[in-house]
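Counting convention: from 1, in listed order, for ligands and their atoms alike.
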Amino acid sequence: MQAPTYLDYNAGAPLKPAARAAMVEALAIAGNPSSVHAFGRAARRIIEAARGDVARLLNAPPSAVIFTSGATEANNAALNAAAPGRVLVSAIEHPSILAAVPQAQRLPVLPCGVVDLAALEDALAGPEPAELVAVMAVNNETGVIQPIEAVAALARRFGARLHVDAVQAAGRIAIDMQCLGVASMSLSAHKLGGPQGVGALVILDGTRFRPLIKGGGQERSRRAGTENVAAIAGFAAAAREATGLEEPALLAPLRDHLESLVTALVPETVVIAAASPRVANTACLSLPGVRAETLVIALDLEGYAVSAGAACSSGKVKVSDVLQAMAVEPEVAAGTVRVSLGWATDGAAVEGFANAWARVAERLLARGSRARMVRA
Ligand code: PMP
């Protein structure tokens, strides 16, 4: 049997060989990076070099980088600073934003998946000033790119601070944090081909901040606890490979080929946000009338790993809040899966997936229409 094909990079990319090599090398170092002796200093050098590599991804100063256990922690830490002020968040944010500030006012998105800038302006102009705005750079389910430059300009005009979850944007589109005037951004290593369990909050000096994790003085007292040196080394290696943005240039034609094949083979296929500005690696596909979880299982049996909605914590099955916020018809939303490509995806994977999609659709659509006939 052929090895299964991984097409779920937005949930987590496979570890890149360079990241693995950097981690293995770092694991050989004995010292605690806070120790002053030679061993400690060797570990410290890895962390400080990594800080530069991660900062370069966003054109941020290295001093802005706080290493965390991932983007969930980074998002929570960024929003922790704002409580109890008024917070505005887009309705399509990751749960690590939405759950961190349940009291926040949710900003609607347009049917194309882009945050409604007029609604943001109205909310900012409200009688009570907003302290913080959180809008992600790229949505994890649809791949739709958000107008961060315009959001930043509005936030600046009304004196609100902007936090951007850049997890799905890093390495996929150019981001210049300083040029944009964004106060803080979050990153996750495993979306870049680095290891799981490490990420960063990148927060410009002078931004109000309250540490979530207190204790030792690590990360300039902004995040206590001995740093995960090997994971940080792997994160840096993945960041170095992502900085040049070579990958999106290779993935764009593959994703376009995938979408044109599936729509040609199965005309019932709906491509969500097809006309919106999107990152190159994400295809959000629906087979209306079929349930997404059935599609995911059928495709898995065919040897293709994809997600239903935001399957960050796998197993949970409910209609996606993101698609709901975009006012996607319920029947279309219920049949939507996310196919996300990355550094190890090739043409054969895309063509194999399209053929599997066609076989699965033929079976499931035929079954659906039989069921409809029986009910009628
Ligand atoms: N934000 C977005 C947009 C994500 O896609 C994810 C990962 N699913 C996260 C935050 C959380 O990242 P982590 O897995 O590093 O906690």
TODO: Heavy-atom distances under 4.0 Å are what count here, so tell me which part of M136 touches ligand 1: side chain, backbone, both or neither.
DONE: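 It is the side chain that gets close, since no backbone atom is under 4.0 Å.
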
**Mode of H190 contact toward ligand 1 - side chain, backbone, both, neither (heavy atoms, under 4.0 Å)** =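 Within the 4.0 Å criterion, H190 contacts ligand 1 through side-chain atoms alone.
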
Quiz item: Do T142 and M326 have side-chain heavy atoms sitting under 4.5 Å apart?
Solution: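 Yes, side chains in contact.
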
Residue-ligand contact K191/ligand 1, heavy atom below 4.0 Å: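 Judged by the 4.0 Å heavy-atom criterion, K191 does count as contacting ligand 1.
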
field: Residues D205 and R220 bridged, charged N to O under 4.0 Å
entry: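 Yes.
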
key: Lys/Arg N to Asp/Glu carboxylate O, E227 vs R51, below 4.0 Å   =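 Result for this pair is no, no salt bridge flagged.
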
Partners passing side-chain contact (heavy atoms from CB on, under 4.5 Å) against L250 (at least two apart in sequence or in another chain):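 L250 satisfies side-chain contact (heavy atoms from CB on, under 4.5 Å) with no other residue.
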
TODO: Using side-chain contact (heavy atoms from CB on, under 4.5 Å) as the criterion, list what pairs up with A21, not counting sequence neighbours.
DONE: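 None.
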
query = What atoms in ligand 1 come closer than 4.0 Å to a heavy atom of G70?
reply =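 Those atoms are 15 (O).
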
(Q) Measuring from atom 12 (O) of ligand 1, which candidate in G199, G12, A166, A71 has the nearest non-hydrogen atom? (A)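 Checking each option, the heavy atom nearest atom 12 (O) of ligand 1 is found in A71.
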
Ligand 1 and T72, any nitrogen or oxygen pair closer than 3.5 angstrom?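 Yes - when backbone and side-chain N and O of T72 are compared with those of ligand 1, one distance drops under 3.5 Å.
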
